[in-house]
J.: 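Pasting in a structure now, in structure tokens, and then I'll have a few things to ask.
For clarity, every value in this text was computed on a predicted model and none was experimentally measured. Letters go in sequence order (proteins before strands), and every chain restarts at 1. Below, all heavy atoms of this structure are taken into account, side chains as well, without hydrogens, waters or symmetry copies.
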Amino acid sequence: MAVRTWWRIGWRNLGRNRRRSVITAVGLAVGYFSVVVLVGWWDGVVVEMINNGTGIVTGQLQIHDAEYLPDRSVYRTLGGDAGVDVAELLERVTRDPAVSAAAPRVYGGGLVSSGSATAATAFLGVDPERESKVSRIMTSVTEGRLPARGANELLIGSEMARILGAKPGDEVVVVAPAVDGSMGNDLFVVSGVFTSGLSDLDRTFALVPLDALQALMVLDAGRVHEIAAAVPDPWQAAAAAARLDTAVAGAARPLAVEAWTDLRPELLEYAQLSASFNWVLLVIVFGMAIFGVANTMLMSTFERRHEFALLLALGTVPSGIVRSVLYESIALGVIGLLTGAVVTLPVLVWWHHAPPDLSWLVGDFTMAGALVRPVLRVEYPWTMAWQAAVALFLTAALAALYPAIRASRVAPADTLSGR
Amino acid sequence: MVEHSTRRRWRRRLGAFLLPVAAGLALLPHVQPVVAQESAREIVDRVDRLLRGNSSRGTVRMDIVTEHWSRSMEMRIWSLGTEYALIRVTAPQKDAGTATLKAGNDIWNYLPRVDRTIKLPPSLMSASWMGSHFTNDDLVKESRIIDDYDIEIAFEGVRDGGEVWEFELTPKPEAAVVWGRIVEQVRKRDLMPLWARYYDDRGALARSLRFEEFRTMGGRLVPARMVVEPTDKPGESTVITYADLEFDVPIDASFFSLRRLQRETGSN
């Protein structure tokens, strides 16, 4: 008999016990839905973790003097003591297709003192306009405003503001060792307070206009420690870093271009770990489904053993019986997959664009040192969607194999005579 | 971590030298020829206390050389025991008037440019003091060598034409020090220390301290110059040279006030 005939028989057999077929198909659909949505949600958490881990201050890509990291010596500015043409370098970095913005930075250590309170402080000198396109710390101002270019103003973290008892408008003393060995000190005005949610930042960071910090630390305008760049798709950052590495090669002093995957390896490791858990999830869910489907198929083939016996007695080849049972199961899989996809897709689209916010239930939490909001935002898990579809078909086929082989080995005479 | 605390501990030990420098080098009034029976412990303690006095007043020049810059500073120093010290920078012009007050375990800095006094937070105690190879901690902490170390004579004889002792100091088991070992050379003639070398717990030399230019100041023979060289930063050093020094000057604890920190200290 032709293949089509066996398909038709398999398909029709599904209708013989509709309730059972529907329940099994729904089981497969639910399995598909759970795997795809769960993986999509988890990918969403990982992307959020990466975005927060790199977006608050790190940036997805950084350029330093080759010897700047890991010691972060204040002397190791880009281009050494001579400095670089910062505007030209920024221009060259933003020309990369994956980079959306770039900003220069100066780092310094020192202290901020207000009244009798003094706090050890990490100063970050920024270009306020450029910086707000690279990192989110500039947008997390909760009181006051950003420091203005060229002014002796600073933006401090909320925890530092509490320690110092300082509020916007207050005058504070800023002390930072300068690169000529002197002790840079000056009066600054607190322009605002930021709250990043990361306690380290909120306690120790102060943002100062780039030029004001350079003046304090006796650094020329061309001397900066870092160019930070934003790469909107974090998975493009490593490739962009490789391209820029070539673009900035040949400088007077070697520069190092590093993506967040190098700067924050713990985030990458976490992302990779969670990807491997996706597989575990897939195996568990469909492993369970196999037994559900196998049970259904065993039942239905047992009920039909008289038919199989009759078919075999009439001269049907056993492989035909195997096929009809396999095709029946695969048809069941198709129904399950279609149902699953029809339910899953709208949920993915909905939760991607308007994710349910669970912050009323659980507060923000940190993961691998990055802030994560309890929001059910999903990333589209296309890879997992087709992997799960394949897994579903394999499940249906594998589960039917044993019942099919059993059905093809029914002994016609014994079965038909009721023995 | 071990390295870090090792360095801190070492700086603290250095402080035991720096402070006394501030404190006035309280050498024995008149150096006697060394009594042969004197034990190693007594000699080391005597050298240790050589650099401590009741009170002192002096003028110091500090030359700092680092990989990236070098600078010289001049300062006036007042001290009372090991509890109080006041240091005021007089040159270069850019830093003139900058002053540091130590009272007990606290350090205040006065910044003339902004006319403000700030109290150093504990987290900055291990930071460099005025860019030198000393830390703020050096100014605050002090302890006696003989309390923390077992001392024995590692060498006794002639080195470079002079009779010397070399003492090997190993930490007592219960001592909160992480130095593996300190070796100190003292010349027999007048009990002047010549050098001290500090080894970490793996036996590697961490830093060295040299004493030079022995002169009589304030009626006492003292090393007028001390050179600190960190082994991990070759070529870097901090040199402290005394221009003048007086001992047992009439100042009391009330001298070391925040008000004094801010204003010119006059003839006192």
J.: Under the criterion side-chain hydrogen bond (donor to acceptor under 3.5 Å, both in side chains), I'd like the reasoning laid out for A:S73 against A:D71: C-alpha separation, chi angles, the key distance, then a yes or no.
T.: CA-CA 5 Å; A:S73 155; A:D71 296 334; over 6 Å; no
J.: Within residues 171-184 of chain A, which residues come under 4.5 Å of chain B, heavy atom to heavy atom?
T.: A:E171, A:V173, A:V175, A:V179, A:D180, A:G181, A:S182, A:M183
J.: Salt bridge or not between B:D95 and B:R71? Use side-chain N to carboxylate O under 4.0 Å.
T.: yes
J.: Return the option, out of A:L111, A:D186, A:D81, with the maximum number of heavy-atom pairs under 4.5 Å with chain B.
T.: A:D186
J.: Would you find more than 12 non-hydrogen atoms of other residues, nucleotides or ligands less than 6.0 Å from B:Q93 atom CD?
T.: no
J.: Between B:K102 (side chain) and B:G104 (backbone), is there a donor-acceptor pair under 3.5 Å?
T.: yes
J.: Can you tell me which of B:S132, B:S70, B:P121 forms the most heavy-atom pairs within a distance under 4.5 Å of chain A?
T.: B:P121
J.: Could you please state which residues from residues 157-167 of chain A sit under 4.5 angstrom from chain B, measuring non-hydrogen atom to non-hydrogen atom, sorted by number, or 'none'?
T.: none
J.: Is there a side-chain contact between B:L120 and B:N109, using heavy atoms and a 4.5 Å cut-off?
T.: yes
J.: Among residues 217-228 of chain A, which residues come closer than 4.5 Å to chain B, judged by heavy atom distances?
T.: A:V218
J.: Determine whether B:R207 and B:T231 satisfy the following criterion, side-chain hydrogen bond (donor to acceptor under 3.5 Å, both in side chains), listing intermediate values before the conclusion.
T.: CA-CA 5 Å; B:R207 294 199 190 188; B:T231 311; over 6 Å; no
J.: Over 60° means perpendicular and under 30° means parallel, so classify the ring planes of B:F256 and B:Y84, tilted if in between.
T.: parallel
J.: For A:V257, enumerate each residue passing the side-chain contact (heavy atoms from CB on, under 4.5 Å) test, keeping only those at least two apart in sequence or located in another chain.
T.: A:L61, A:I63, A:A241, A:L244, A:D245, A:V248
J.: Looking only at side chains, do A:Q62 and A:T58 share a donor and an acceptor under 3.5 Å apart?
T.: no
J.: Identify the heavy atoms of B:E184 and B:P193 that sit nearest to each other, and give their distance.
T.: OE2-CB, 4.3 Å
